[in-house]
There are 2 protein chains.
Amino acid sequence: MPKRVDHGERRTEIAEALLRVAGRRGLHAVGMRDVAAEAGVSLRLVQYYFETKEKLLLHGLEHLAERFGERVAARVRAAGDAPGPRAVIEALLMASLPSDEESRTFHLVYTSYAVLAVTDPALAAQPFIRNPDAAEDTLTELLRQAREAGLTQADLEPRVEAISLLAMSAGLGTGVLVGQRDTRSAAALLRHHVDRIFTGGE
Amino acid sequence: MPKRVDHGERRTEIAEALLRVAGRRGLHAVGMRDVAAEAGVSLRLVQYYFETKEKLLLHGLEHLAERFGERVAARVRAAGDAPGPRAVIEALLMASLPSDEESRTFHLVYTSYAVLAVTDPALAAQPFIRNPDAAEDTLTELLRQAREAGLTQADLEPRVEAISLLAMSAGLGTGVLVGQRDTRSAAALLRHHVDRIFTGGE
DNA sequence: AACTTGATGGTACGGTCGTATCACAAAGAG
DNA sequence: CTCTTTGTGATACGACCGTACCATCAAGTT
């Protein structure tokens with residue numbers, strides 16, 4: 001046998017190449033040859049590790065979601081040791097706003113995938129429901145904790161506010177992406193609503 | 001000269017064919033030939049009335065925005081004669097949620113356009129800023145009127161709430177589109193926030 | 001040493017896409 | 001009646017795309 005290469009590692013490299021070029025030129029414009037060139041390998045290798053383009057896209061989406069999850073987790077950790085629910089919530093919301101190149105790419109590519117998934121049944125809706133639902137559950141639980149700790153009004157509905165904040169974050173993110181709004185004003189808007197929620201207790 | 005055909009009319013027919021097929025199979029999958037078949041004309045005619053695909057897309061986007069504007073206006077009118085700001089606001093928000101086939105297509109195609117516009121400088125960012133900005137101004141003005149009429153808290157910030165509601169509506173709309181959420185719960189969420197805003201006055 | 005097998009490169013095939021070209025019919029203008 | 005112009009059809013071209021096929025090299029195995 002030859003070199004014995006770690007398939008998982010190689011697949012990750014190629015998937016990240018896919019995300020990079022998708023972030024630059026849009027997911028719709030990404031071909032197998034572009035991915036190969038970006039990853040510095042031959043077209044054949046992309047075929048070798050992902051037999052078909054559809055599998056490449058699917059793996060790319062999973063990898064994107066995973067990397068984004070790690071990014072959010074890192075931001076939350078950076079919010080300090082033993083941060084309160086509010087700090088965690090703010091970190092969580094801010095992390096998903098397009099600010100630097102990475103989060104901008106994330107937003108763009110994720111939205112592209114979503115659009116594709118609506119019409120293409122092959123790109124299972126799975127990842128588009130599981131991950132957002134997980135974020136929703138997490139945020140709901142954080143708000144519930146805040147309410148129990150008396151940091152919010154007693155009649156706060158955690159899930160309602162969680163869904164609202166995430167929907168707002170997504171909508172604002174799109175606005176930033178198309179250049180309608182800048183990141184700072186979007187962040188200020190989100191903080192305004194966090195302020196609103198964290199009022200009435202204390 | 002031959003038949004002397006109304007160009008504007010024909011362009012509209014073709015643009016609507018574009019929107020129909022884009023709504024079914026996704027904007028990324030739409031070719032000139034698909035549009036021609038959907039409109040019941042030959043490929044050549046599509047080329048004749050829109051020289052290039054890019055111009056076809058651009059005109060399609062403008063037509064989409066226009067039709068959507070009319071739709072919202074109709075919904076607002078249907079809210080009754082001399083409706084209060086609140087009824088108008090609710091009608092405005094609900095109309096832009098994907099409920100029937102038309103609004104679902106609108107959301108999908110508009111999002112597709114937005115994704116394309118991020119990377120393709122030819123698809124001018126114009127329509128993606130002008131129209132949302134107009135909606136934002138309209139909603140801001142409605143909220144300001146409501147505040148002046150004492151229907152809301154006196155310290156309400158009209159523009160902040162307008163942007164928030166529209167961003168939420170967009171985010172929720174995407175959620176509905178990908179099947180994460182159903183239309184009724186999204187509508188209920190929006191109404192919840194309208195309720196929140198229209199409180200404290202009276 | 002011969003063989004097997006995983007990793008890789010090169011390249012060709014069939015299809016589709018946007019666009020361009022050529023041809024022609026029909027309807028007024030002179 | 002001829003001529004010009006507008007609308008319409010058919011088809012061809014060149015590019016690109018995803019996929020498939022074939023060859024080759026390297027590293028163990030027997």
Side-chain angles (χ1 to χ4, degrees), chain A residues 1-15 17-22 24-61 109 112-113 115-117 119-123, chain B residues 1-15 17-22 24-61 109 112-113 115-117 119-123:
Chain A
M1 302 154 187
K3 297 189 200 167
R4 281 288 288 284
V5 151
D6 184 332
H7 274 227
E9 201 171 292
R10 194 76 92 156
R11 284 165 61 93
T12 297
E13 285 173 18
I14 295 177
L18 162 67
L19 297 182
R20 280 197 301 275
V21 55
R24 283 202 306 270
R25 302 215 293 270
L27 189 61
H28 64 283
V30 176
M32 307 279 281
R33 287 165 177 84
D34 303 288
V35 176
E38 175 75 22
V41 300
S42 75
L43 168 62
R44 180 66 181 86
L45 275 218
V46 179
Q47 288 188 262
Y48 183 68
Y49 290 104
F50 305 89
E51 282 116 57
T52 183
K53 186 185 184 181
E54 181 190 306
K55 293 182 183 173
L56 170 61
L57 289 180
L58 227 32
H59 185 83
L61 174 57
V109 178
S112 302
Y113 271 119
V115 168
L116 289 190
T119 45
D120 189 342
L123 255 56
Chain B
M1 299 150 187
K3 297 187 200 167
R4 282 291 288 279
V5 151
D6 184 332
H7 274 226
E9 202 171 293
R10 195 76 91 154
R11 283 166 62 92
T12 297
E13 285 172 19
I14 296 178
L18 161 68
L19 296 181
R20 280 196 302 274
V21 56
R24 282 202 308 269
R25 302 215 294 271
L27 188 62
H28 64 283
V30 176
M32 307 278 282
R33 287 165 179 85
D34 303 288
V35 176
E38 175 75 22
V41 300
S42 75
L43 168 62
R44 180 65 181 87
L45 276 218
V46 180
Q47 287 187 263
Y48 183 68
Y49 290 103
F50 305 89
E51 284 116 56
T52 183
K53 187 185 185 183
E54 181 190 307
K55 294 181 183 173
L56 170 60
L57 290 179
L58 228 32
H59 184 82
L61 175 56
V109 178
S112 303
Y113 272 118
V115 167
L116 289 191
T119 44
D120 189 341
L123 255 55

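Quick caveat, the model's predicted, so the values are computed rather than measured. Chain identifiers are assigned alphabetically (A, B, ...) following the order of the sequence lines, protein sequences preceding nucleic acid strands; residue numbering begins at 1 within each chain.
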Give me the atom names and distance for the closest heavy-atom approach of B:Arg25 to B:His28. O-CE1, 3.8 Å
In terms of side-chain heavy atoms of A:Gln47, which of D:dA20, D:dT8, C:dG9 is nearest? D:dA20
Partner of A:Leu27 under side chain to side chain contact (heavy atoms under 4.5 Å, CB included), chosen from A:Val21, A:Leu61, A:Leu116, A:Leu19: A:Leu116
Any B:Thr52 side-chain N or O less than 4.0 Å from OP1/OP2 of C:dG18: no
Using a cut-off of less than 4.0 Å, is there contact between a side-chain N or O of B:Arg10 and OP1 or OP2 of D:dT8? yes
When the distance from CZ of A:Phe50 to P of C:dA7 is rounded to whole Å, what number comes out? 14 Å
Take the protein atom CG of A:Leu43 and the nucleotide atom P of D:dT19, then report the distance between them rounded to whole Å. 10 Å
Working to the nearest 0.5 angstrom, can you tell me the gap between B:Met32 CE and B:Arg44 CZ? 10.0 Å
Are any non-hydrogen side-chain atoms of A:Phe50 and A:Val35 less than 4.5 angstrom apart? no
Between D:dG18 atom P and A:Met32 atom CE, what is the distance in whole Å? 7 Å
Heavy atoms, side chains only, cut-off 4.5 Å: are B:Ser112 and B:Val115 in contact? no
Per B:Ser42 side chain, nearest of listed nucleotides D:dC17, D:dG9, C:dT19: D:dG9
Tell me the interatomic distance from A:Arg11, atom CZ, to C:dT8, atom P, rounded to whole angstroms. 14 Å
Quick one: does A:Arg4 reach the base of C:dG6 with a side-chain donor-acceptor pair under 3.5 Å? no
For A:Tyr49, which contact category applies under a 4.0 Å heavy-atom criterion: base, sugar-phosphate, or nothing? sugar-phosphate
Over how many whole Å does the gap from B:Tyr48 atom OH to C:dC22 atom P extend? 18 Å
What is the distance from CG of B:Leu57 to P of C:dC17, rounded to the nearest Å? 14 Å
Just to confirm, is there a sub-4.0 Å distance from OP1 or OP2 of D:dT6 to any side-chain nitrogen or oxygen of B:His7? no
With heavy atoms under 4.0 Å as the rule, sort A:Val46 into base, sugar-phosphate or nothing. nothing
Nearest-Å distance, CZ (B:Arg44) to C1' (D:dA12)? 14 Å
Can you tell me the distance, in whole Å, between the CZ atom of A:Arg33 and the C1' atom of D:dG18? 7 Å
